Amino acid sequence: MDEREIANLRKLMEYEANRTAPPSGFPNLPDLPGGRYTDPRFYELEQQHIWRKSWLLASHIDEIPEPGCFRLWETAGQPVLIVHADSGAINAFYNTCSHRGASIVTEIAGQRPRLVCRYHGWTYNHDGELLAVRNPEDFGDLDFSCRGLRAVRCERFGNLIFVNFDDHAPSLIDWLGPIAKEWEEFQFDKCRLAARHSFAVNCNWKIAMEANTEVYHVRSIHPKTVSPILDDRRNVNTFYPNGHGRMVAPSPKGADRYGAVNLPHDIAEIETVGEIARTCTQSYGIFPNWVSPLSARALPPLLFWPTSINTCQLETWTFAPDWGDNPKPDMWTENDGEKLVQVLLEDTEFGVWIQKSVESYGFRGVPLSYQEARIYHWNQFADRMIGIENIPPELRVEQVIGDEWIYPNDPRLACIE
Ligand code: FES
Ligand SMILES: [Fe+2]
């Protein structure tokens, strides 16, 4: 982040603390229809469009460090085989044999010189090409060149491996847009995978995620954990293209910024990390399901995955600089995944209560404040990705946040100059 951007953020923090109303020209946000959390039609639209067309974090290079290493990834509901090829490329395929559709691998991870189907032995290389079949003479003129494994889009951001089921999606870098440049200081190409855990949560995945997309709830839900280390009135939200968002909220002077999570003080730091991430909570929402407060000590995304309309899976990851002989840092859990840290328990336990409530006859919709506008921005983009005309009118959100509010545009900047 350059000097000018840092200076602007500092001024915007004061602007936010002193304003007595939302910024001039900021739209009133119409209620989010309640059915977006409970209507099976909307859940199906999410499946068909959002999960099918977005870049999704699937793995880290440390999980498949050498040629021949593979990982079976089914978190997004499709069976995907991610393979480290001899060339060094990371490939992804449907875990589906081109013969009769058997699974190529049935273990979560391993290492193999060739990918051999367990059913009748068809053999593929790490680039998915069909190399050999048993008794080829019995197939007539089988064209090997069109019987390879069906590829899934797979691209890296540094050491992180992302998957996209849409052959026509933009590249991962284009999808991240200006955030890719902003993230250079965090050196994602150097980070190691320190921890990855998964927890079942009994609420709709968006309810769980939205608790991490605004700071309006912090004083009530996190009075002892987050509230003392985050100045919520100085929070600055930024809307990025493609539904992504960022919050930057300073910590009060002297606050123990890592006090609410499980990160030791004496671990290595990412030296290039700038002033804002060192003194503020600088957290990103990457559409559709990633939330990460990035700091000099850890890059710890939380990922939210639907497992049904009213249940989800919370994945907690910690990426960090090499920890040497010290214990692996694990920001979000205690005892290596035994339980979530207190701050996440506060959110997830309350999410279960919210779910009961939104399923009741009494729930209609959600009025969002300016402070919660990143949630609205997410929903606006979700509708565009689904295709507004595909959504029943009573489940749509109005497109009220105009491009003039999308980074690098920001009408607030005119008020601070
Ligand atoms: S289904 Fe894979 S070899 Fe037959
Ligand atoms: Fe929270």
Side-chain angles (χ1 to χ4, degrees), residues 70 72 79 81 93-106 112 114-125 128-140 142-144 146-150 199 201 203-232 235 237 245 247 249 251 257-262 281-285 289-293 300-304 312 314 316 331-333 340-355 368-369 371-372 374-375 378:
F70 67 84
L72 177 58
L81 175 56
F93 308 102
Y94 290 94
N95 184 29
T96 302
C97 181
S98 303
H99 177 220
R100 282 192 16 226
S103 300
I104 302 293
V105 305
T106 51
R112 295 203 186 141
R114 295 270 179 270
L115 299 168
V116 182
C117 177
R118 286 182 54 196
Y119 205 0
H120 314 93
W122 282 28
T123 300
Y124 306 85
N125 65 15
E129 293 162 342
L130 180 61
L131 298 180
V133 308
R134 198 182 304 145
N135 307 124
E137 65 281 6
D138 288 342
F139 278 95
L142 186 70
D143 181 352
F144 277 39
C146 51
R147 301 288 178 179
L149 295 176
R150 170 98 191 273
F199 298 84
V201 184
C203 66
N204 179 275
W205 72 282
K206 299 194 297 294
I207 290 175
M209 183 171 70
E210 286 163 2
N212 296 275
T213 315
E214 45 89 358
V215 294
Y216 188 42
H217 74 290
V218 161
R219 294 187 199 194
S220 345
I221 296 293
H222 310 295
K224 298 217 172 78
T225 48
V226 184
S227 198
I229 60 164
L230 183 148
D231 181 351
D232 57 278
N235 180 53
N237 285 325
M247 61 159 280
S251 302
R257 294 184 52 231
Y258 299 100
V261 293
N262 186 20
T281 298
Q282 178 177 340
S283 180
Y284 291 83
N289 68 334
W290 156 307
V291 176
S292 60
L302 300 169
L303 278 94
F304 301 86
C312 66
L314 164 58
T316 64
M331 175 147 149
W332 297 124
T333 85
L340 290 166
V341 292
Q342 180 62 24
V343 56
L344 290 183
L345 284 177
E346 290 165 354
D347 285 322
T348 52
E349 285 170 0
F350 200 62
V352 177
W353 285 99
I354 299 173
Q355 180 65 35
L368 291 169
S369 68
Q371 287 192 47
E372 299 160 290
R374 282 197 296 142
I375 296 176
W378 185 101

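Every number for a ligand or one of its atoms is a count from 1 in the order of the listing. Just so you know, these numbers come straight off a predicted model, no measurement behind them.
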Exercise for the section: Would you check if there is a donor-acceptor pair between the side chains of R257 and S251 at a distance under 3.5 Å? Expected result: yes

Taking only non-hydrogen atoms of A102 and a 4.0 Å limit, the atoms of ligand 1 in range are 1 (S)

Among N, O or S atoms, H217 approaches the Fe ion (ligand 2) most closely through NE2

Next on the checklist: Ignoring hydrogens and geometry beyond distance, is a side-chain donor-acceptor pair present between N135 and H120 at under 3.5 Å?
Outcome noted: no

task = For W122 and S98, indicate whether the former's side chain and the latter's backbone hold a donor-acceptor pair under 3.5 Å.
result = no

Worksheet item: So, the side chain of N262 versus the backbone of T333: is there a donor-acceptor pair under 3.5 Å, distance only?
Response: yes

### Message
Under a plain distance cut-off of 3.5 Å, with no hydrogens placed, do T213 and E210 share a side-chain donor-acceptor pair?
### Response
no

min-distance N/O/S atom, H120 vs atom 4 (Fe) of ligand 1, resolves to ND1

For W122, the ligand 1 atoms with a heavy-atom partner under 4.0 Å come out as 3 (S)

If I take every N, O or S atom of H99, is at least one of them less than 2.8 Å from atom 4 (Fe) of ligand 1?
yes

Taking only non-hydrogen atoms of C97 and a 4.0 Å limit, the atoms of ligand 1 in range are 1 (S), 2 (Fe), 3 (S)

In this structure, atom 1 (S) of ligand 1 is nearest to the protein heavy atom R100 N, 3.2 Å

Next item on the list: Using 2.8 Å as a strict upper limit, say whether an N, O or S atom of E346 approaches the Fe ion (ligand 2) that closely.
Entry: no

- Query: Would one find an N, O or S atom of C117, in either backbone or side chain, under 2.8 Å from atom 2 (Fe) of ligand 1?
  - Reply: yes

Exercise for the section: Give me the ring orientation class for H99 and F139: parallel if the planes are under 30° apart, tilted from 30 to 60°, perpendicular past 60°. Expected result: perpendicular

